[in-house]
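As the structure lists them, so they are numbered: ligands from 1, and atoms in each ligand from 1. Note that the structure is predicted; figures quoted are calculated from it, not measured.
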Amino acid sequence: MKKQKNKVWGERVGKSTSALLQQVNASIDVDKRMYKEDIEASIVHCQMLSKQKIITSPVAKKIIYGLKKIKSEIDKNKFQFKKEHEDIHLNIEKRLFDIIGDNAGYLHAARSRNDQVVTDFKIWVRNSVKIIDGNLTGLIKSFLKKAEMHMDVIMPGFTHFKNAQPVLFSHYLLAYVEMFKRDKIRIKNFLSTIDESPLGSAALAGTSIKIDRKYTATKLGFKKPTENSIDSVSDRDFAAEFLFICSLCSVHLSRLSEEIILWNSDVINFIKIKDSLLTGSSIMPQKKNPDSAELIRGKTGKIFGQLFNLLTTLKGLPLAYFKDLQEDKESVFSTFDNLNLNLQLAKELIDGITPNKEKMFEAASMGFTTATDFADYLVKKGLPFREAHKKSAKLVNYAEKNNLNLEDVDLDVIKKIDKSIDQSVLKVFDITHSVNQKKSYGGTSSANVMKTIKKYKKLFK
Ligand code: ARG
């Protein structure tokens, strides 16, 4: 029987691998993206083996020399990745043998690809989530800038997509800032949850070789080593959580996109979008379409899909390592790519929109949006709110019947609604006044909004 000399496990597995299995098994096309993390972790592992006198210092030096050379080869696109060597770990190991000879064989003491892959992947996710965090800050800054530029713009706030109450456009934008701020907090918490190094868990049981896991954990930037070797090699919670964080952030982006698409419609016409963020139609000469926002919304589906992809892979999977887990990286990598593009494009979109101030103000005056202000006026005069609500509804009914806005109803008519009403009621129907009276904490008054912008400009530098 022909031995598979070329395989690290070729001594044991007799027949050469079926071409089909080789194709399905090879993950190199995907996991080569972790070459930096793999080499970083291997160098630290090697330094630890040398410190613990498990390997000699000259051997360690050779190994580290070889690993650095491999990194520079890959950096320069001079490395030949081979499917027959399955994954990034074995591709690098094989090349290490080419460069330094049999001394390369000392590196794999006290580790397995099982702890190797999860260590690499955790480091990759940790670095990547920080890039997402940076892009979130960039987007938030654009919101703050836009809000500050258009402090005087008033628009209708909606519930059920019916005009509800007038709000500042800037306040509306800051609502999105809150969502992205929460995404950043989620990332911060995530970074502290995943702060444990799995390296040294080996295949699943740990090792009898006297390694120093605290040393490798610290050197790789983790707070401490993981507690249980079995969990360490089977845990992909961090990948699922990463995908959830990305999914929720995508929910926020897709809600924003939807608003932009609606606002940009000819029917609503609340904003203008810069031409560079629009596309045309191949048949309708007049068209300018907000594809940028539509694509952000569209890619959200893909991102959710990857979360469910991984959750389904993990569901019911016994301990510890199974090859199923190899499928985790594609989900995470593609989600990272899509979300990053989406975040950057969303930033361009926010930079590229101009509110149509007149149109927004006009819309804010439609639909009796100060009816609650009138009810509140009556409450301040001593009426129970439920009664005030009824009286205000009566005024709305009158205005609607007579085809008037609330501010156009005759003072004498209004006065008849309740004896407490005097001349001062008239300002209640003024949209700008309405907005600026909303001084409760977190309300839409310009004083509040300006304070928040100032605070957040310091927070998101
Ligand atoms: N390429 C593998 C993965 O991504 C590495 C771990 C392989 N371990 C094993 N026991 N075959 O999961």
Judged on heavy-atom distance to atom 2 (C) of ligand 1, which of Glu86, Lys329, Gln326 sits nearest?
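Looking at heavy atoms only, the winner is Gln326.
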Polar contact flag, side-chain donor to acceptor under 3.5 angstrom, [X]-[Y]:
X: Glu178; Y: Tyr456; value: yes
X: Ser232; Y: Thr226; value: yes
X: Asn309; Y: Ser331; value: yes
X: Ser445; Y: Lys438; value: no

If you have a sec, work out which protein heavy atom is nearest [atom] and how many Å separate them, to one decimal?
atom: atom 11 (N) of ligand 1; result: Arg113 NH2, 3.6 Å
atom: atom 6 (C) of ligand 1; result: Tyr321 OH, 3.4 Å
atom: atom 8 (N) of ligand 1; result: Asn114 OD1, 2.9 Å
atom: atom 5 (C) of ligand 1; result: Asp87 OD2, 3.4 Å

Only heavy atoms of Ser27, strictly under 4.0 Å: list the atoms of ligand 1 that pass.
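Ligand 1 atoms under the 4.0 Å threshold to Ser27: 1 (N).
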So, Asp183 and Arg186, do they make that salt bridge, N to O below 4.0 Å?
yes
